[in-house]
Structures are given as structure tokens and as C-alpha cells.
J.: 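Below you'll find the structure I mean.
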Amino acid sequence: MEALAGRRGGSADGPAVRAIALGTLRWYLRLSPAISQLLERPDALAAPVRALLAVAAHQVEYSRNPPEVTVDAAVDAARLLGVDRAAGLVNAVLRRFVRERPALLARVDASLAARVAHPAWLVDRISSAWPEQAEEILLANNLHPPMTLRVDLSRGSRADYMAALANRSIGAKEIQWSGYAVTLDRPQPVEDLPGFADGWVSVQDAGAQLAADLLQASPGMRVLDACAAPGGKTGHLLELLGGSADLTAVDNDEGRIALIAGNLERLRRAAQLQAGDARDPSTFWDGRAFHRILVDAPCSSTGVIRRHPDIKLLRRPEDIPPFAATQVAIVQAAVSMLAADGRLLYSTCSLLPEENEGVIAAILEREPAVRTVELAVAVPGLVRRPHGVQLLPGAAAGTDGFYYACLEKTTTGT
Ligand SMILES: C[S@@+](CC[C@H](N)C(=O)[O-])C[C@H]1O[C@@H](n2cnc3c(N)ncnc32)[C@H](O)[C@@H]1O
């Protein structure tokens, strides 16, 4: 997707290319069946032609560009892509799409999954986990996400930052239930944000900003961030812990460790960065217990579809059990590194109970030395779940979807 969406620092067209790519991915599962109705053998279509038709159909249906301009541009693009022989087909299919799209889309929209452009298995999972909220979730997954910032209060208050934004005529609102979050009226390039280069603010969803508070780490504690890259929550923890923080940030992807380093450099903060497998403490641990551990586990990412619409195309139902098995293994290993009375915060950006309360239930069964702690958190629309809390896309708070649960090791624990 990154290649399609345009890398940072690319051409001046980068933002437009990115918007078209994200929009096409967002609506692909509605547009593709509409186009297929116009093809004799949809499965025989070469991948670049299929992608080109989807991009053009997206422009026709979801942009204000005149449809005939889009069709002409798509025919030119077929030549640029080296699929000249498909130019006639692209022209004919798109002209019919422009003419017939109300009827084509009405047929597609008879299926809920196609209407909301989600795979059917995911609609089923979300509907069974969240019968009351499913419709709101599915609709919210197709909206443009807000750009939310986290203000480092040690560098200036949130009110100071709002004033700095106002000085640059950047509209923004404080999120009342959060101590740090500011949502911009319109997304901005980070280079245009006051204080970004010096680490006064970071881009982070307001729901993700809850993690550092919920961990309740304080200076003097040994803290482990077990799945840390790219370092969003590591940075927030360091901001709260101050200069003398004793924080180890681990990730099993060496390439992504560099992302943490880059983020901390911008924030002017330091942590011990280690490549290691959080399922296997021997790959990074010196044997000294941690007072606080954050496990922000790898997951299906079904709570962040509005930011990463390609998840709808890439994720498969058979991915979920391996995610759950990895999550249980990471939390179990983390429990073995936790000090008596220590606190472990488990978080995912998943909406699926198997990856959330299911994981905590499995840990409670295996680990008699831990118990869950109720999370004191007040966010509009937050749902209390077994062992933890869930934020949902489409709920009043306007955040991404997250699950949080807190475990404490009892003093009798080993
Ligand atoms: C949800 S992301 C973490 C996001 C991060 N906490 C933040 O706020 O920026 C999960 C991370 O876990 C890492 N990961 C996956 N499996 C792991 C494992 N076995 N051990 C350590 N890290 C792992 C992935 O590379 C990924 O960077």
C-alpha cells in the first residue's frame, strides 16, 4: 500500500495519490463487485487492470471530478502502465460504469458486507461480538480518521499548545476526557505543526494515549514496553516518567527498533532499546524483575481499519487463532518478568474478543499469581468487558478501537 500511497517526502502529488489509494482500498469491496458485473470473465483480469478500474471507479463514485475526465485519465494510465491492449476494455467498462452505476451499486448494496465494503467474515465477527454497535463500527471504519496530537506537558501546557496552533491559524479542539489530546480540525503535514520537530507534540490517537496513564508507572520503577515499535507509547511513558526513567523497549523486528530510536530522538528522550522476542525473555532480559510492563500486542488491527483500510483486504479469519496464541505467549512471558505487586497492562487495537478478554481469561487460568485490576477510566462510549475495557470506532469518544486490561501480580506470586 505504501508504494501506492506515496512515501513521505515524495512528489507534490503525494497527498492526492495517498488519498486516492486509501479511498480505493476503503471502498474496494463495494467497487470490485460492481465492476465485475461489467466483465465477462472478471477472474481473468490482470492485476494492474483490475487495480486501475477500481481506482477510476472510486474517483467516479466518491470524488467531484467529472466522470469523463476520470475515464480519459484511466485510458491514458493503461498505456502508462504498459497494458495498452487493455485500454479499450478500460474505456468501455468505465463508460458503462458511469452510465449504469446506480443499478450496479444497488445490486451490490443488497449485501450488507458489500454495502459497507468489508469482508463477510469480518462483518459476522463484528456483528456477533458487538450486536448493538456493529452498524456504527462498520460505518466508522470507512470514515476519514481525525488527526490527534499528544502534547508533552513537561514542555508547555495544552493551553499553550492550543495558542501556538492558533498563531499558525491551525484549528483544533482539546479532547475534554483526555489530559493530553488535541484533535486538529483538518489533518496537517507534521512539518507544519508548531513544536513537532522538537518533540512538544506527537501524532497519536486519543484512545492510544490512555495506555501510559493506565500503566501507572512512576520514576524509580523498572518499566518494560514489550512490543514497543514504532514507539508511540514508549515516548508517552518517557514523557510521564521524566529524565530518570528506567525503561526497556523491546521489539522482535530489528528494522522497527530504528523507528523507536528515530521517534525518541525527536522527543529528546532515552530508553534501552532491545531487539528480542517477548515470548522468550532469554532473548533480552537480564533477570531483574520489572515493576510495570506494557504489552501492546501484535493483533488483527481490526480497531484501526479507518486508518489502515487495507486490513479489510489482507486479514483472513485463519489469522486470528495464531494472533491469540502469540498474545497469550507474550503475556505469560511478561508475567514471569513482573515483580510481586507489579502491574501489567495488556492492550490491543482489536475488536475481536478472542484477542482481548479471551487472552486474559487464558492467562488467569494458567497463572494463579495474577489477578485483574479494575481500570479507573472514563471515556464517552467506553464499554466495560470481562477483565477490561473496550473503546469502539463510531462511539462518542471518536477514537480508534482498543482493548485494555490490567493484571497485578499478588505478593505471594513467584
Ligand atoms: C501494536 S504494535 C506496537 C505499537 C507500539 N506499542 C506503539 O505504541 O507505537 C505491536 C508490535 O509488536 C511487535 N511484535 C510482534 N511480535 C513480537 C514478539 N514476539 N516480541 C516482541 N515484539 C513483537 C511488532 O513488531 C510490532 O512492532
Side-chain angles (χ1 to χ4, degrees), residues 148-150 152 178 180-181 190 199 201-215 217 223-241 247-267 269 271-285 290 292-305 307-308 311 314-315 319-337 344-352 355-356 359 391 399-405:
T148 302
L149 308 178
R150 179 188 80 232
D152 179 353
S178 158
Y180 321 92
V190 288
V201 286
S202 299
V203 178
Q204 190 177 43
D205 184 77
Q209 295 183 33
L210 291 170
D213 274 344
L214 293 175
L215 191 62
V223 181
L224 171 66
D225 186 351
C227 299
K233 298 184 185 73
T234 315
H236 195 190
L237 284 167
L238 292 169
E239 287 166 11
L240 297 185
L241 286 167
L247 190 150
T248 303
V250 171
D251 204 277
N252 72 340
D253 183 332
E254 290 213 24
R256 286 170 64 79
I257 297 276
L259 298 178
I260 312 177
N263 271 322
L264 298 193
E265 194 181 342
R266 182 182 61 82
L267 297 176
R269 305 275 174 188
Q272 288 130 48
L273 307 188
Q274 301 240 18
D277 184 341
R279 293 170 299 186
D280 178 2
S282 73
T283 58
F284 64 91
W285 189 38
F290 292 101
R292 294 288 182 268
I293 299 180
L294 171 62
V295 174
D296 189 25
C299 71
S300 62
S301 306
T302 38
V304 291
I305 283 174
R307 295 189 193 278
H308 304 285
I311 288 166
L314 299 175
R315 203 60 78 220
D319 297 338
I320 308 306
F323 273 128
T326 299
Q327 290 150 358
V328 170
I330 292 176
V331 178
Q332 201 166 6
V335 167
S336 75
M337 294 182 274
L344 183 158
L345 184 73
Y346 176 70
S347 70
T348 72
C349 56
S350 169
L351 304 182
L352 306 180
E355 299 182 89
N356 295 335
V359 168
L391 301 178
T399 67
D400 292 339
F402 288 99
Y403 176 81
Y404 288 111

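Both ligands and their constituent atoms are indexed starting at 1 by order of listing. The figures here come from the full heavy-atom set of this structure, side chains too, leaving out hydrogens, waters and symmetry mates. Because the structure is predicted, anything quoted here is derived from the model rather than measured.
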J.: When rounded to the nearest 0.5 angstrom, what is the spacing between CG in L237 and CZ in R269?
T.: 11.5 Å
J.: Do any N or O atoms from the side chain of Q209 and from the backbone of L149 form a donor-acceptor pair under 3.5 angstrom?
T.: yes
J.: Could you check atom 6 (N) of ligand 1 against the protein and tell me its nearest heavy-atom contact, residue, atom and distance included?
T.: D296 OD2, 2.6 Å
J.: Name all residues meeting the side-chain hydrogen bond (donor to acceptor under 3.5 Å, both in side chains) criterion together with E355; count only those two or more places apart in sequence or in a different chain, and write none if there are none.
T.: S300, Q327, S350
J.: For atom 26 (C) of ligand 1, what's the nearest protein heavy-atom neighbour? Residue, atom name and distance, please.
T.: D251 OD2, 3.5 Å
J.: A297 heavy atoms, cut-off 4.0 Å: which ligand 1 atoms fall inside?
T.: 1 (C)
J.: Counting only nitrogen or oxygen atoms and a 3.5 angstrom limit, does D253 reach ligand 1?
T.: no
J.: Relative to atom 16 (N) of ligand 1, which among L237, N252, D225, N263 owns the nearest non-hydrogen atom?
T.: N252
J.: Within a distance under 4.0 Å of any heavy atom of A226, pick out the atoms of ligand 1 and give their elements.
T.: 21 (C), 22 (N)
J.: If the contact criterion is a heavy-atom separation under 4.0 Å, does G276 count as touching ligand 1?
T.: yes
J.: Please determine if R256 has a nitrogen or oxygen closer than 3.5 Å to a nitrogen or oxygen of ligand 1.
T.: yes
J.: Hey, does A278 come in under 3.5 Å of ligand 1, counting only N/O atoms on both sides?
T.: yes
J.: So do the side chains of L214 and L294 get within less than 4.5 Å of each other, counting heavy atoms only?
T.: no
J.: If the cut-off is 4.0 Å to any non-hydrogen atom of R279, which atoms of ligand 1 fall inside it?
T.: 19 (N)
J.: Considering distance alone, does some N or O of C227 sit under 3.5 Å from an N or O of ligand 1?
T.: yes
J.: Give, for atom CG of D296 and atom OH of Y404, the distance between the pair rounded to the nearest 0.5 Å.
T.: 7.0 Å
J.: Keeping R150 on the side-chain end and A208 on the backbone end, is there a donor-acceptor pair under 3.5 Å?
T.: no
J.: Backbone N or O of A206 within a donor-acceptor pair of the T148 side chain at under 3.5 Å?
T.: no
J.: Output every pair passing side-chain hydrogen bond (donor to acceptor under 3.5 Å, both in side chains) with a member in residues 251-267, not counting sequence neighbours, ordered by first then second residue.
T.: S202-R266
J.: Is there side-chain contact between I330 and C227, with heavy atoms separated by less than 4.5 Å?
T.: yes
J.: Before signing off on this row, confirm whether T326 and ligand 1 have an N or O atom pair separated by under 3.5 Å.
T.: no
J.: Answer yes or no: does an N/O atom from G232 fall short of 3.5 Å to an N/O atom of ligand 1?
T.: yes
J.: With backbone taken as N, CA, C and O and side chain as the heavy atoms from C-beta onward, which portion of A208 lies under 4.0 Å from ligand 1: side chain, backbone, both, or neither?
T.: neither
J.: Within the 4.0 Å heavy-atom shell around D277, which atoms of ligand 1 are there?
T.: 18 (C), 19 (N), 20 (N)
